[in-house]
Amino acid sequence: QVQLAESGGGSVQAGGSLRLSCVASGFATHSYSMSWFRQVPGKEREGVASIYVASTFTHYADSVKGRFTISRDKDKNTVYLQMNNLESEDGAMYYCAAAHPRQPWASQWTSESLYVYWGQGTQVTVSS
């Protein structure tokens, strides 16, 4: 059974850090492009970061560049999102998602319709 399970969310003060984890089961994450999205109530879900299939090529939303880092551990079949210097605007539900690889990924990774697997999300709250 295919499943993505996020964890690591919580409450943190502005300027703090969190590391989100996304553990996959039923498929190999290194065969997919993996991304993190986030959503706050009343707003559309937005792409935060992505890592291309079986590579270290990464993409980030402008709002998180230099603060967030996406990575994967092939042996653990897990994708991570290290979030540093958190801001109040980063508070949201964070989702992990998997997409079949396609080119050019740089211009497509934020398109939700490309993703075939989604997790249930983990909540991040940032207080100022």
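Note that this is a predicted model, so its numbers are computed, not measured.
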Okay, side chain of Y60, backbone of I70: is any donor-acceptor separation there less than 3.5 Å?
yes

Rounded to the nearest 0.5 Å, what separation is found between the CD atom of Q123 and the CZ atom of R38?
12.0 Å

Could you see if V126 belongs to whatever hydrophobic cluster contains Y94? Use Ile, Leu, Val, Met, Phe, Trp, Tyr and a side-chain cutoff under 4.5 Å.
yes

Suppose we screen for salt bridge (charged side-chain N to carboxylate O under 4.0 Å, His left out). Which residues come up paired with K65, at least two apart in sequence or across chains?
D62

Kindly give the heavy-atom pair with the smallest separation between K43 and Q39, and that separation in Å.
O-NE2, 3.0 Å

Spatial distance of atom OG (S111) from atom CH2 (W105) [nearest 0.5 Å]:
8.0 Å

Rounded distance [0.5 Å steps], CD in E6 versus OG1 in T78:
11.5 Å

Counting only heavy atoms not in E44, do more than 12 sit closer than 6.0 Å to its CD atom?
no

Residues, nucleotides or ligands: over 12 heavy atoms within 6.0 Å of Q120 CD:
no

Going from CZ on F68 to CH2 on W36, what distance comes out if it is rounded to the nearest 0.5 angstrom?
11.0 Å

OH (Y52) and CZ (R72) are apart, to the nearest 0.5 Å, by 10.5 Å

Which atom pair, heavy atoms only, marks the closest approach of L4 to Y117?
CD1-O, 3.6 Å

Are V12 and V48 connected, step by step, through hydrophobic side chains (Ile, Leu, Val, Met, Phe, Trp, Tyr) whose heavy atoms are closer than 4.5 Å?
yes

How far apart are the closest heavy atoms of V124 and L20, and which atoms are they?
CG2-CD2, 4.1 Å

State yes or no: do V23 and V2 share one hydrophobic cluster built from I, L, V, M, F, W and Y residues joined by side-chain heavy-atom distances below 4.5 Å, directly or via other members?
no

Hphob cluster co-occupancy, F57 + V64, side-chain heavy atoms under 4.5 angstrom:
no

Taking a hydrophobic cluster as the set of Ile, Leu, Val, Met, Phe, Trp and Tyr residues connected by side-chain heavy atoms closer than 4.5 Å, whether directly or through intermediates, do V53 and L81 fall within one such cluster?
no

Within residues 21-30 or reaching into it, pairs that qualify as side chain to side chain donor-acceptor pair (under 3.5 Å) - sequence neighbours excluded
T29-N77

Nearest 0.5 Å please: distance from the NE2 atom of H100 over to the CG atom of L114.
10.5 Å

Minimal non-hydrogen separation, G119 against Y95, with atom names
O-CD2, 3.6 Å

Mind checking whether F37 and W118 have parallel, tilted or perpendicular rings, split at 30° and 60°?
tilted

Looking at P101 and S33, what are the two nearest heavy atoms and their distance?
CA-OG, 4.1 Å

Which atom pair, heavy atoms only, marks the closest approach of S17 to N85?
OG-N, 4.1 Å

